[in-house]
Amino acid sequence: MTLVVGATGKTGKLLVEQLLERGQYVKAIVRSSEKMPKSIRNHPSLSIIEAGILELTDNDITEYVKGCSTVASCLGHSLSLKGIFGRPRRLVTDATRRLCDAIKANPSEQPSKFVLMNTTGNRNRDLDEPISFAQRCVIGLLRGCLPPHADNEDAANYLRMEIGQNDKTIEWVAVRPDGLIDLDTVTEYELHASPTRSAIFDAGKTSRINVGHFMADLIADPKVWLEWKGRMPVIYNKA
Ligand SMILES: NC(=O)c1ccc[n+]([C@@H]2O[C@H](COP(=O)([O-])OP(=O)(O)OC[C@H]3O[C@@H](n4cnc5c(N)ncnc54)[C@H](OP(=O)(O)O)[C@@H]3O)[C@@H](O)[C@H]2O)c1
């Protein structure tokens, strides 16, 4: 069973669809179930909990996480003035931290998986990911001026530094798409350990359906998980 947060988002919906197509059970915490596609809303393998993830108590989150071998987050701030500059400013980081605390409160025999949708605008500081001085300046500005960017960085940093590589209860992957686009079907895509182009000056394209497909692969295919756990794979559509 996978618990998905951000399941009503443009990518989250596609991830839920991909998981259901693979015969997986899904629990989704959403603010409004009306926003889930009609085609899957009543799917027998999908249970929907109507709540804002940050409004739940720690006990509620622990109960919802119980029995889930994976937690996946496709949370993101809405692209409105209120979504970008209003509260909650640390939506993704706080949800990641609280969900991980809930996993730790109920440890299972096998480590649980946490899959975070992140961004190529964020560097994996475990690796030597060189960026130009100009890109460093722009990212620094984004970090200072756009709370959602700092939130995405902090969420991945929490997994990288506070959960780390040797946690007995949680293994994680932070998936980094480039410029998101919408396509109807899964197409060929490339995965890299680090960006191969500049996220600011030469951004590539990644379709949300390919992100959902790769996240579902990570969750459903142990070989894919083994390859990427503890890493921050970058995903680009093949040209
Ligand atoms: N735009 C790009 O090119 C790009 C590139 C790489 C990475 N990203 C990152 O990818 C992520 C997802 O992108 P997307 O386009 O799929 O996002 P999206 O369609 O905006 O979906 C965001 C999800 O987060 C939920 N959400 C927002 N505020 C919330 C709150 N206060 N409490 C609970 N849930 C909340 C939304 O719920 P509701 O439906 O209830 O609003 C929705 O389910 C974002 O973190 C974004 O930064 C974006």
Side-chain angles (χ1 to χ4, degrees), residues 3-18 26-37 40-41 48-56 60-61 64 71-99 115-124 139 142-143 145-159 173-183 189 191-192 195 197-216 232-237:
L3 176 70
V4 181
V5 292
T8 49
K10 292 196 198 96
T11 314
K13 287 177 197 167
L14 300 168
L15 168 63
V16 173
E17 280 173 1
Q18 299 271 338
V26 179
K27 210 188 262 186
I29 300 181
V30 302
R31 295 195 286 188
S32 160
S33 53
E34 297 287 301
K35 283 194 167 180
M36 289 301 280
I40 55 169
R41 217 182 281 165
I48 298 179
I49 295 141
E50 235 176 34
I53 180 70
L54 294 187
E55 270 105 63
L56 290 169
D60 289 337
I61 300 182
Y64 292 137
V71 175
S73 168
C74 292
L75 285 171
H77 298 252
S78 3
L79 294 179
S80 62
L81 269 183
K82 186 168 176 288
I84 294 174
F85 296 106
R87 285 172 197 281
R89 288 198 160 191
R90 294 176 53 84
L91 167 69
V92 187
T93 309
D94 286 349
T96 301
R97 183 185 294 277
R98 293 187 67 200
L99 287 160
V115 186
L116 174 72
M117 181 171 176
N118 203 235
T119 165
T120 48
N122 185 21
R123 284 163 72 200
N124 179 355
I139 296 273
L142 292 179
R143 186 178 301 129
C145 303
L146 290 181
H149 181 73
D151 187 23
N152 276 335
E153 285 190 331
D154 288 348
N157 283 344
Y158 167 77
L159 293 175
V173 174
V175 174
R176 292 186 285 173
D178 222 6
L180 288 171
I181 57 165
D182 293 311
L183 294 180
Y189 55 86
L191 298 167
H192 301 271
R197 50 201 303 162
S198 160
I200 301 292
F201 301 112
D202 175 33
K205 291 191 173 78
T206 311
S207 52
R208 289 180 171 87
I209 197 164
N210 285 349
V211 178
H213 185 271
F214 176 51
M215 288 176 81
M232 296 175 55
V234 171
I235 169 168
Y236 301 116
N237 282 11

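Atoms within each ligand, like the ligands themselves, are counted from 1 in listed order. Predicted model, so just to flag it, every value in this text is computed and none were measured.
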Salt bridge or not between Asp182 and Lys10? Use side-chain N to carboxylate O under 4.0 Å.
no
Check each protein residue for a heavy atom under 4.0 Å from ligand 1 and list those that pass, ordered by chain and number.
Gly6, Thr8, Gly9, Lys10, Thr11, Arg31, Lys35, Cys74, Leu75, Gly76, Pro88, Leu91, Met117, Asn118, Thr119, Asn152, Pro177, Asp178, Gly179, Leu180, Arg208
Any side-chain heavy atom of Leu3 within less than 4.5 Å of one from Lys27?
yes
How long is the straight-line distance from CD1 of Ile209 back to OH of Tyr189, given to the nearest 0.5 Å?
10.5 Å
If you define the side chain from C-beta out and look only at heavy atoms, does anything of Met215 sit under 4.5 Å from Val4?
no
Using modelled atom types and a 3.5 Å cut-off, is there a donor and acceptor pairing between side-chain atoms of Asp151 and backbone atoms of Thr93?
yes
Do Leu14 and Asn210 come within less than 4.5 Å of each other through their side chains, counting heavy atoms only?
no
